[in-house]
Amino acid sequence: MAIKLNLFVASLILLTYYITEIYSVVKFTNIQCQSLDRDFALFDSWFLKSVNRSYKYVSVKVKLLKIPVSKVKVRFGLYKRVNGYMPFLYNMSFDACRFLTSPNPNPVALYFYNFFKDYSNINHSCPFDHDIILDKMPYHSINNKVTKILPFPEGKYMIEMHWIAYDIDRAITKFYWTLT
Ligand SMILES: *[C@@H]1O[C@H](CO)[C@@H](O)[C@H](O)[C@H]1NC(C)=O
Ligand SMILES: *[C@@H]1O[C@H](CO)[C@@H](O)[C@H](O)[C@H]1NC(C)=O
């Protein structure tokens with residue numbers, strides 16, 4: 001009896017997980033970019049584009065004005081909307097220069113990096129001597145990844161990233177998205 005009940009609970013959990021995974025959909029709702037040091041970095045463009053029902057993407061292009069840049073940190077905060085956006089689970093920073101060559105990179109940073117690495121040219125370690133581009137990252141590429149590792153509750157979220165070069169805050173990007 002106990003075993004049967006355990007099996008039942010186990011399959012229920014599996015089923016719930018399965019359903020969550022199948023039906024979770026990530027949608028970007030807004031993106032904000034702000035240069036804090038206009039002599040250092042300028043945003044050329046940032047936009048969400050909806051091609052059709054199944055193909056929507058996000059693009060960002062940043063001009064770096066003082067290349068090469070060889071010391072970069074990223075501060076990364078996840079927020080969930082409750083009454084306003086409240087910090088949720090992650091608030092951390094990591095060294096963007098060492099991250100990719102580190103033998104054991106920060107797992108959370110790696111998790112989020114995996115979302116956009118295929119669509120970005122920051123897929124190498126420092127120095128950065130070119131414009132930074134996030135090119136047509138499709139929402140569905142994220143859908144497949146977001147719930148696999150840690151199932152998130154549904155809701156409205158925001159990811160805030162501070163781009164810090166030589167220990168000075170240079171730019172902020174905010175991605176607003178929903179999980180339904
Ligand atoms: C949506 O647009 C993409 C790119 O143009 C295309 O490959 C895909 O077939 C379209 N999907 C639908 C459902 O029209
Ligand atoms: C995140 O941590 C930094 C210090 O590492 C702190 O200044 C900041 O206020 C924190 N942000 C949130 C939303 O907790």
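In each ligand, atom 1 is the first atom listed, and ligand 1 is the first ligand listed.
Formation of a donor-acceptor pair under 3.5 Å by the Ser35 side chain with backbone atoms of Ala41 is found in this model.
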Please tabulate protein-ligand N/O pairs under 3.5 Å for ligand 1, atom names and distances to 0.1 Å.
unit_1, atom_1, unit_2, atom_2, d
ligand 1, 2 (O), Asn52, ND2, 2.3
ligand 1, 11 (N), Asn52, ND2, 3.0
ligand 1, 14 (O), Asn52, ND2, 3.3

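The cationic group of Lys80 lies under 6.0 Å from the six-membered ring centre of Tyr157 and within 45° of the ring axis, placing it in a cation-pi geometry.
For the disulfide bond (SG atoms under 2.5 Å apart) condition, no pair includes a residue of residues 44-80, sequence neighbours left out. Within the structure, disulfide bond (SG atoms under 2.5 Å apart) contacts touching residues 50-115 (residues at least two apart or in different chains) are Cys97-Cys126.
Separation of the Tyr79 and Phe88 ring centroids does not fall under the 6.0 Å cut-off.
Listed by chain and number, the residues in a salt bridge (Lys or Arg N to Asp or Glu O under 4.0 Å) with Asp169 amount to none (sequence neighbours excluded).
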